Amino acid sequence: MTKKLFLKTLGCAMNVRDSEHIIAELNRIERYDLTQNESEADLIIINTCSVREKPVNKLFSEIGQFAKHKKKSAKIGVCGCTASHLGADIFKRAPEVSFVLGARNVSKITQAINSEKFLDINIDHDESGYAFGEFRQNPYKAYINISIGCDKKCAFCIVPHTRGEEISIPHEIILKEAAKAAKNGAKELFLLGQNVNNYGRRLSGGKKGELNFSQLLTKIAEIDEVKRIRFTSPHPLHMDDEFLEVFASNPKICKSMHMPLQSGSTNILKAMRRGYSKEWFLERAKKIRQLSPIAAISTDIIVGFPGESEKDFEETMSVMEEVRFEQIFSFKYSARPLTLAAAMRDKVDIATAAKRLLKLQTRHAQILDEISSDYLETVHEVYFEEIRDGGFVAGRTSQNNAVCVKGGEELLGTFQNVKITQPQRLILYGQIA
Ligand code: 5AD
Ligand code: SF4
C-alpha cells in the first residue's frame, strides 16, 4: 500500500531540490504519494530555511498544529537549514518531532524514519558523490546540484553554518545527471549551488576540479536534448570576463542573471565582507548589458544592515536606478546567530529599516511597471512548464519572465513564440503568435 507524505518546503531552490531528494530516497523503499493535507499523512516533514528569523519562529507553532491534526501513527521530521542550526534543541522544544536531519544529511532520510528518535546535523558530512534516487516534481525542468555548501563568510549569513564548506560535485556526475534529465524530457536545466560561478575550486578531498563554471556550462550545452540552462546563485565577485562572455554568447544559456547586490554602499559591502565594491558591481552589470543587451538582471538586497546610514541606503537606491533590475528580492536585515554581524553595534532600528524597505520596493514597482509596459506587442520564445487555474498554461522567457497563455497540457514541454497582449508587473499575458 502506498503511504502519504506531507512535505512543506521553505527557502531557496536548493531546498526544493533537497525535498526532491528526500522523496526519491523514501521511494527507494516504499512508495509515498504527496498530500497537501497533513491530517491524512503517514509522514510529515518540514524542510526548513534559517536565513531569516521569522520562519524559524513560526516553525514551532507549525509543529504544534501538525501534532494536533496528524494521524496518531504519523511521524514528524524537521529537515534543512534550521535542523542543522538548532539540532537537538528541536526535540526539547517540540517532543513530537521524531527526527532532525540537517541540510547536509538528506541521504539519511530512510534511516531517520526507521528510528525511534534520529538526529544527524553533521555539516562536514560529504554528500557530493552520493547517488540520490530519481524524483522530479516537474518533468519539464530539472534542478541539478553542482556544489554543496558555501565558503564565503558574508557577515549576515548563517548558511556556511548550516550547509558547511563548499564542495563541487564532480563534473562527470553532473554531466550524467544532465543528460539523463534531458533525455527524460527536461529540456531546461537549473544548476544549483550557493556560489555557482566558483564551481571547480575544490572537489571532495581538496583537489581542484578539472572544469571551471564557464567550462561546465559549455559542456552541458553540448548535450543535444538540453535546450535551456539556468543557474543560481552566482556571486558578483566571481563574475570574470570568461564567465560573462560564455553567458552572453552561448544560445542555450538563458539570458537572466541573478546578481545579489546586498548593498550599494561600498562601506556596507566591506562590513558585509562581500569582497566587491559598488563600482565593481556596476561595471560588471554594464558589461553584462554590453555583451547581451537583452539580458535581465535580478538581485537580492538587504536594508538596515548594522551601520547603514541614510547615505548608504541612498547608494543602494542609486544602484537600483542605474541597473534597473528586472526583479528584486528585498529584505530587512535579520540578525542571525553564529554570524559576524550579529555582534555588530550600531544596529538600525526596525522602523527605519521598514521605511527604507518600503521606499526601495515602491520605487522598484514603478521601474517594473515601466519595464513591463515595454513588453506590449513584443514576441518571445516561451518554454511552457505548468498548468495554471482558469485554463492558463505558464512558462518562462529566456529572461525569466513568467508568461501565461490560454491553453492546456498540449503546450507543456514545448517552446512557442508568444505575443504579449497584457503585460503585468509579475506575469505577462499573451497569445501564441
Ligand atoms: N537578513 C536578511 N536577509 C538575509 N539574506 C541572507 N541573510 C540574511 C539576513 N541575515 C538574504 C540575502 C541573500 C538571500 C538569499 O537572503 O539577500 O542573498
Ligand atoms: Fe534558506 Fe539559505 Fe538554507 Fe536556502 S541555503 S534553505 S536560503 S538558509
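This is a predicted model, so every value here is computed, not measured. Here, residue 1 is the first one in the sequence, and each next residue gets the next number. Heavy atoms only: backbone and side chains are in, while hydrogens, waters and symmetry mates are out. Atoms within each ligand, like the ligands themselves, are counted from 1 in listed order.
Of the possible donor and acceptor atoms, one in the side chain of Y276 sits under 3.5 Å from a partner among the backbone N and O of L261. Between the H161 side chain and the T339 main chain, no donor and acceptor come within less than 3.5 Å of each other.
One distance of note links CD of E166 with OH of Y199; it measures 11.0 Å at 0.5 Å rounding.
Residue S334 has at least one nitrogen or oxygen atom sitting less than 3.5 Å from a nitrogen or oxygen atom of ligand 1, judged on distance alone. Taking only nitrogen or oxygen atoms, main chain and side chain alike, R336 does not reach within less than 3.5 Å of ligand 1. Considering backbone and side-chain atoms alike, F156 places an N or O below 3.5 Å from some N or O of ligand 1.
Geometric assessment of R52 against the ring of F331 yields a positive cation-pi assignment under the 6.0 Å and 45° thresholds.
Counting only non-hydrogen atoms, the option in T339, V303, D300, I302 that gets closest to atom 14 (C) of ligand 1 is D300.
Shown here are the ring pair (Phe, Tyr, Trp, His ring centres under 6.0 Å) partners of F231, two or more places apart in sequence or in another chain: F213, F243.
In summary, the atoms of ligand 1 found under 4.0 Å from a heavy atom of R52, numbered by their order in the structure, are 1 (N), 2 (C), 3 (N), 4 (C), 5 (N), 11 (C), 16 (O). Heavy-atom contacts of Q262 reach the following atoms of ligand 1: 12 (C), 13 (C), 17 (O), 18 (O) (cutoff under 4.0 Å).
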